[in-house]
There are 2 protein chains.
Amino acid sequence: MTRSDKLKSVGLRVTQQRQLVLAALDAIRHGTPEEILTEVTKTAPGVNLSTIYRCLEVLEKSNLITHTHLGHGAPTYHVVDGDPHIHLRCSNCQRVFSLPAALAEATSTAIKANNGFVIDPYHITFEGLCENCTKDSK
Amino acid sequence: MTRSDKLKSVGLRVTQQRQLVLAALDAIRHGTPEEILTEVTKTAPGVNLSTIYRCLEVLEKSNLITHTHLGHGAPTYHVVDGDPHIHLRCSNCQRVFSLPAALAEATSTAIKANNGFVIDPYHITFEGLCENCTKDSK
DNA sequence: CTCGTTGCAAAAGATTTGCATTATG
DNA sequence: CATAATGCAAATCTTTTGCAACGAG
């Protein structure tokens with residue numbers, strides 16, 4: 001599905017900027033509003049940061065994208081496409097890893113059974129230490 | 001262990017403010033810097049917000065407390081005590097639930113096996129819909 | 001006493017908002 | 001064309017920082 005079609009399918013106006021934001025997220029997979037602007041600016045200078053914020057807001061409201069919090073005050077947006085994936089963020093080296101959300105299935109099920117809470121698989125982020133940093137700290 | 005002892009045990013100076021922050025977190029379980037200040041101010045007016053930030057920073061560095069991100073730009077701090085617990089945040093009603101971290105054990109294990117990443121059980125936060133809001137949306 | 005902590009005020013970021021202009025449907 | 005979306009600048013909010021005064025060890 002083209003980005004234009006994606007927008008139409010949820011009833012949003014097809015603007016240059018919204019397509020640019022979606023394209024940027026396709027390119028960088030995930031990023032903060034600032035990072036998205038940087039990517040957008042590569043192909044279309046002149047887009048305003050507040051427009052990025054507004055685009056992200058409507059795109060998220062329409063479930064075309066979602067965001068999660070990786071580390072301090074840095075909301076990270078990414079497209080909602082094929083496979084949901086979870087994020088792992090290393091508290092030591094700050095790197096972000098992505099893994100298939102299937103790995104969290106067991107926990108989702110356990111929690112739903114426990115108190116009825118339904119987890120959004122696109123939003124999952126774990127903090128911890130990556131393999132490298134685990135070694136280093138030894 | 002008293003709050004004074006906690007601070008001593010990790011080699012931090014025992015100041016009024018640090019004890020107040022720990023006390024506030026004991027009282028409210030978890031909260032943003034702003035919320036913590038509000039709680040602290042109840043018993044000790046005059047404490048500065050930047051002091052709260054600095055206290056949170058050192059307390060976290062010494063592993064007396066930890067934080068996670070619940071929703072937009074709102075870091076939430078809480079004490080590290082007995083049982084690690086995970087947070088569930090309802091994207092609809094914004095309420096936060098706590099559950100024993102044991103529920104996430106399976107996933108932790110799976111991820112460690114998958115790529116060596118070691119998850120910090122105190123940092124886990126899931127977004128989704130709570131039982132009530134799931135019903136409502138039907 | 002000495003050096004780490006705090007309060008205060010100002011700086012630095014991040015996000016939001018009002019309004020005139022532009023572009024989509 | 002009407003109206004929603006954008007650009008721009010200013011307003012907010014959150015978090016950080018410099019520095020002088022203060023307090024713990």
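Computed from a predicted model, the values in this text were never measured in an experiment. In what follows, chains are A, B, ... by sequence order, proteins preceding strands, each numbered from 1. Only heavy atoms go into these numbers, but all of them, side chains included; no hydrogens, no water, no symmetry mates.
Classified by interplanar angle (parallel below 30°, tilted 30° to 60°, perpendicular above 60°), the ring pair B/Y122/B/H78 is tilted. In this pair, A/H123 and A/H67 present their aromatic rings perpendicular. The plane angle is above 60°, beyond the 30 to 60° band.
B/L49 places its CG atom 10 Å from the P atom of D/dT16, with the value rounded to the nearest Å. Distance CD (A/Q19) to C1' (D/dT6): 15 Å, rounded to an integer number of Å. With rounding to whole Å, B/L56 atom CG is found 15 Å from C/dT5 atom C1'. A/Y53 places its OH atom 19 Å from the P atom of D/dA11, with the value rounded to the nearest Å. The distance from atom CD of B/E57 to atom P of C/dT5 is 11 Å, rounded to the nearest whole Å. Taking atom NE2 of residue B/H67 and atom P of nucleotide D/dT14, one finds them 16 Å apart after rounding to whole Å. In this structure, the CD atom of B/E34 is 13 Å from the P atom of D/dT16, given to the nearest Å. The CD-P distance, from A/E35 to C/dG13, rounds to 16 Å in whole Å.
Between A/E57 atom CD and A/I65 atom CD1 the span is 10.0 Å, to the nearest 0.5 Å. Taken to the nearest 0.5 Å, the CD atom of B/E105 stands 9.0 Å off from the OG1 atom of A/T107. Here the straight-line distance linking atom CZ of B/F117 with atom CD1 of B/I111 works out to 8.0 Å at 0.5 Å rounding.
The stretch residues 36-48 of chain B touches DNA chain C through B/G46, B/V47, B/N48, each having a heavy atom within less than 4.0 Å of the strand.
Contact annotation: B/Q17 side-chain N/O to D/dG23 OP1/OP2 distance is not under 4.0 Å. OP1 or OP2 of C/dT6 has not a single side-chain nitrogen or oxygen of B/R54 nearer than 4.0 Å.
Using a 4.5 Å heavy-atom cutoff, the side chains of B/F126 and B/I86 are in contact.
With A/V47 as the fixed residue, the side chain to side chain contact (heavy atoms under 4.5 Å, CB included) test singles out one of A/V40, A/I36, A/T41: A/V40.
Among the heavy atoms of the strands lying under 4.0 Å from B/S50 is at least one base atom, whether or not backbone atoms are also near.
Residue B/T51 places its side chain closer to C/dT6 than to any other of D/dA5, C/dT16, C/dT6.
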Heavy-atom contacts, protein to nucleotides 20-25 of chain C, under 4.0 Å, summarised as B (base), S (sugar-phosphate only) or - (none) per nt, yield ----BS

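Across all non-hydrogen atoms, the minimal contact from A/R3 to A/Q19 is CD-O, 3.7 Å.
For the 3.5 Å distance criterion, the side chains of A/T125 and A/T68 qualify, holding a donor opposite an acceptor.
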